[in-house]
Amino acid sequence: MTSITNHMPTAELQALDAAHHMHPFTDGAALARKGARIITRAEGVTLTDSEGQQILDAMAGLWCVNVGYGRDSLAEAAARQIRELPYYNTFFQTSHVPAIALAEKLAGMAPGDLNHVFYASGGSDANDTNIRLVRHYWAAKGKPEKKVIISRHNAYHGSTMGGASLGGMKGMHAQGGLPIPDIAHIGQPHWYAEGGDMTPGEFGLACARELEAKIAELGEGRVAAFIAEPIQGAGGVIIPPATYWPEIQRICDAHEILLIADEVICGFGRTGAMFGSQTYAIHPDIMTVAKGLSSGYIPIGASIVSDEVANTVAAAGEFTHGYTYSGHPVACAVALENLRIIEDENLVDNVANGTGPYLREKWEQLADHPLVGDAQIAGFMGALALTPDKSARAPFAADTGTVGLICRNHSFGGNLIMRHVGDRMIIAPPLILSKPDVDVLIGRAVRALDLTLAEIREKGLYR
Ligand code: PMP
């Protein structure tokens, strides 16, 4: 058996990777031709690859490494817990200290009466729990017909059958016969792409009212819940107009519809408050959390549930649902230490009042670049809409994502991890980002934009 280590040549690692490793959300054949970039270590906000390049990770991994890389205390928390109790389940009337302590902690952190925690291993399966939970809740209330969950086009809620069904990604629904029954979708509050001649405020209201129209169409007696990310992440960092969320909350309240806030990305500081629900002053019945809960150091997710929903479900006999790793003690121990870091180091305040305002100022200035039609940022979630014609908010004369991919490649080539969603460039850096880090980030972003502009001019795409 070969032992595969960080010291092997990149090409050998790439060949073994292509031979045996199936990557998520990847065109396998295309990757095999190109070879994966191999990340070997990381510290703070910086990744190191197998060629020794130092890369600024402006995506915090997959929007998750909130406390940054290289935290010894998280390694110690895991090691300590593995030595003491590496695993025990929470089925069959059993519990353990890490699961109890984290549930108590999350109940204290979460807004309002969100006081009950059902554990999962990530965001997708937590959203699967939510589907079963809200349907079971309404059945327990004597309304078993309230089953439909309304979501939004271009939402992302995970990649399991349930999560991908809730999500509004056409490409995902096209594979494997999704969505599952009793999931409906309405429009997204994406003013830049879809707002036409409306003001953002008018458009936000119009989008929210699509929910009311959908409830009327389906019948209030059939609708269990509405699910949405406070700010859509994977859809391209779509920051809703200020009019959107208050109207959504009003509609959910008026029609007895549970509100599920998918906080998998927004939770734990990313929007400049502990939760996106606080940024938008909404009071969900359930919040989905994952990612920043452990800063990605270990898999864990959860549904944080209101008194009303949890108590109703508890009174209805057995909820026939759970995962082997629900409340995994090592994951809970790491999450607790991670939350301690977020609080003790005031990372949410760094987003709101420290580095955040500086990042906002610099990011918004990117709108002056000839390629950028719109530069939006909320907390540590930013997007640049690339366009050949700013005033018309026009798309390029090429398939959507062609220019975005070119820009992503220049960004990676210049040692900045920025992601593209279609022709939007997005960032979601670790919450420890400093002002000097911002200068590096913006400098590399400008270089990527300049190189992209030069390349697409040459290719005749900038018209
Ligand atoms: N919900 C949202 C809002 C997400 O962004 C994601 C992951 N990007 C998920 C759910 C799914 O989480 P996971 O990949 O941990 O299953």
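Note that ligands are numbered from 1 as they come in the structure, with each ligand's atoms numbered from 1 the same way. For reference, positions follow the sequence shown, starting with 1. Since the structure is predicted, the reported quantities are computational estimates derived from the model, not experimental observations.
- Relative orientation of the Y323 and F118 rings is perpendicular, given thresholds of 30° and 60° on the angle between their planes.
- Here's the thing with S124: one of its N/O atoms is less than 3.5 angstrom from an N/O atom of ligand 1.
- From the protein, the heavy atom lying nearest to atom 5 (O) of ligand 1 is I265 CD1, 3.1 Å.
- The ring of F275 has its center closer than 6.0 angstrom to the ring center of F268.
- When ring centroids are compared, H153 and H173 stay outside the 6.0 Å threshold.
- When each atom of ligand 1 is checked for a heavy atom of G122 under 4.0 Å away, the hits are 15 (O).
- Less than 4.0 angstrom separates some heavy atom of Y156 from each of these atoms of ligand 1: 1 (N), 2 (C), 3 (C), 4 (C), 5 (O), 6 (C), 7 (C), 8 (N), 9 (C), 11 (C).
- Those atoms of ligand 1 that come under 4.0 Å of a heavy atom in D262, given as number and element, are 1 (N), 2 (C), 3 (C), 10 (C).
- Between E343 and K105 there is a salt bridge, since at least one side-chain N of the basic residue sits less than 4.0 Å from a carboxylate O of the acidic one.
- If you check the side chains of T129 and H321, you find a donor sitting under 3.5 Å from an acceptor.
- Ion pairing between a basic and an acidic side chain is recognised when a charged N comes within 4.0 Å of a carboxylate O; R250 and E212 show such pairing.
- Heavy-atom proximity to atom 7 (C) of ligand 1, evaluated over H157, K291, E229, is greatest for K291.
- Distances between N or O atoms of G123 and those of ligand 1 include at least one value under 3.5 Å.
- The closest approach between L62 and ligand 1 stays at or above 4.0 Å for every heavy atom of the residue.
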